[in-house]
2 protein chains.
Amino acid sequence: MAASDSHADSLDFGILHELIGYRLRRAQLVFFNSFADACNDLGISPGLFGVLVLVKQNPGRTQTAIAQAMGNDRSAMVSAVDRLEKKDLVERRPSQNDRRSYALYLTANGEAFYDRLVERVLQHEHALEGVLRPGEKDLLIDILSRLCAGSAKG
Amino acid sequence: MAASDSHADSLDFGILHELIGYRLRRAQLVFFNSFADACNDLGISPGLFGVLVLVKQNPGRTQTAIAQAMGNDRSAMVSAVDRLEKKDLVERRPSQNDRRSYALYLTANGEAFYDRLVERVLQHEHALEGVLRPGEKDLLIDILSRLCAGSAKG
DNA sequence: TATTGTTATACTCTATAACTATA
DNA sequence: TATAGTTATAGAGTATAACAATA
């Protein structure tokens with residue numbers, strides 16, 4: 001390759017590198033791809049993992065409640081729960097009070113799977129924490145949570 | 001609403017709230033939606049903004065070079081540049097050395113538009129920085145850039 | 001042989017609107 | 001009337017594979 005190749009050297013990112021939005025996007029993409037590498041064989045995406053955790057921690061809630069907690073539309077929950085049901089991880093039980101809705105629970109298989117999955121996710125998380133200095137993780141999470149809370153979304 | 005409504009109280013997020021990956025995803029979503037609110041009338045998404053900045057800072061580069069800098073496949077650049085060309089912001093000029101490729105430049109209109117756009121984006125950025133304490137922005141960007149650099153992607 | 005731009009294609013994620021059965 | 005789950009649909013965003021022109 002000659003030095004005159006227009007794609008050989010790195011580009012000037014200008015303002016991009018000083019924008020939180022851009023840095024967030026890149027970092028989130030890194031985490032997303034890394035999560036996929038870590039959990040693809042289990043068939044679990046970050047979104048499905050979120051559903052599993054919320055159902056595990058809040059058994060008996062409706063699809064709509066889970067969707068709201070995740071910040072998604074309830075229509076997006078249908079295929080998510082479908083997939084988790086097909087994998088025998090989550091179960092739709094008829095709600096007792098309200099015959100319109102389902103109560104979501106982990107299956108017995110889902111409970112066991114959950115432990116293995118969390119272990120895998122924590123491994124993945126720790127691997128990426130390697131570049132952080134002591135105390136920076138808590139600070140990072142604190143900052144990110146403030147950025148989320150600061151949005152006038154409701 | 002009765003206190004027994006299963007969707008009335010907030011859910012337990014368990015491990016999610018301590019996972020950098022989850023916090024990144026939520027924060028990035030907040031920024032994305034906020035960016036859209038700020039720039040929708042200009043017809044510019046975060047992705048298109050990235051292309052504009054890179055072309056502005058690196059005039060004459062090829063689509064492939066821009067795509068690589070953004071971490072995207074070059075096929076994704078086609079419709080992006082198409083849209084920017086339709087808006088008279090970016091121009092494909094035949095490359096002098098290599099007749100396979102185009103050299104990308106901002107149009108005269110694109111240059112003027114760019115200044116207005118950057119002003120808007122900085123406004124949006126400053127609004128979201130409101131929840132940060134002095135020095136936290138630089139630290140946040142430093143941490144995020146380390147998280148990106150730490151990924152074995154190449 | 002390898003690369004650029006392109007097209008076709010597909011897959012994920014997500015949102016909206018409308019339907020049904022309930023409430 | 002309003003709500004829960006569902007369906008159909010559509011729009012981004014992104015990726016792969018293959019092609020023509022060119023290197």
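Below, read A as the first sequence line, B as the second, and so on, with proteins coming before strands; counting in each chain starts at 1. Worth saying up front: this structure is predicted, and the values here are computed from it rather than measured.
In this entry the distance linking CZ of A:Arg92 with P of C:dA21 reads 17 Å, nearest Å. When rounded to the nearest whole Å, the span between CD of A:Gln28 and P of C:dC13 equals 11 Å. Between A:Gln96 atom CD and C:dT22 atom P there is a gap of 17 Å when expressed in whole angstrom units. One can place CG of B:Leu104 at 11 Å from C1' of C:dG5, the figure rounded to the nearest angstrom. One interatomic measurement links the two molecules: CZ of B:Phe35 to P of D:dA12, which rounds to 15 Å at whole-angstrom precision. Nucleotide D:dG13 holds its C1' atom 14 Å from the CE atom of B:Met77, rounded to whole Å. The CD1-C1' distance, from B:Ile44 to D:dA12, rounds to 15 Å in whole Å. Atom CZ of B:Phe49 and atom P of D:dG13 are 15 Å apart (whole Å).
Residue A:Asp98 is in sugar-phosphate contact alone, with no base atom involved, counting any heavy-atom pair closer than 4.0 Å across all strands shown. Within 4.0 Å (heavy atoms only), A:Ser75 reaches at least one base atom of the nucleic acid.
When the side-chain nitrogen and oxygen atoms of A:Thr64 are compared with OP1 and OP2 of D:dG5, one or more of them lie within a distance under 4.0 Å. Listed pair A:Arg99 / C:dA23 meets the phosphate criterion, a side-chain N or O lying under 4.0 Å from OP1 or OP2.
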Would B:Gln63 and B:Arg92 count as a side-chain hydrogen bond (donor to acceptor under 3.5 Å, both in side chains) here? Give the steps. CA-CA 9 Å; B:Gln63 293 182 188; B:Arg92 282 177 172 105; 2.8 Å; yes

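The 5' end of DNA chain C is approached more closely, in terms of each residue's nearest nucleotide, by A:Gly47 than by the other of A:Gly47 and A:Asp73. Of the residues near DNA chain D, B:Arg83 and A:Val78, the one whose nearest nucleotide (by heavy atom distance) lies more toward the 5' end is A:Val78.
Residue-to-nucleotide contacts include a donor-acceptor pair under 3.5 Å from the side chain of A:Arg74 to the base of D:dG5. Remark: the A:Arg100 side chain and the D:dT3 base include a donor-acceptor N/O pair separated by less than 3.5 Å.
Using cut-offs of 30° and 60° on the angle between ring planes, the pair B:Phe35 and B:His124 is perpendicular.
Between B:Glu91 and B:Arg93 there is a salt bridge, with a side-chain nitrogen of the basic residue lying less than 4.0 Å from a carboxylate oxygen of the acidic one.
Between the side chains of A:Ser75 and A:Asp73, at least one donor-acceptor pair of N or O atoms lies under 3.5 Å.
Residues B:Val118 and B:Tyr105 are members of separate hydrophobic clusters, defined by side-chain heavy-atom contacts under 4.5 angstrom among Ile, Leu, Val, Met, Phe, Trp and Tyr.
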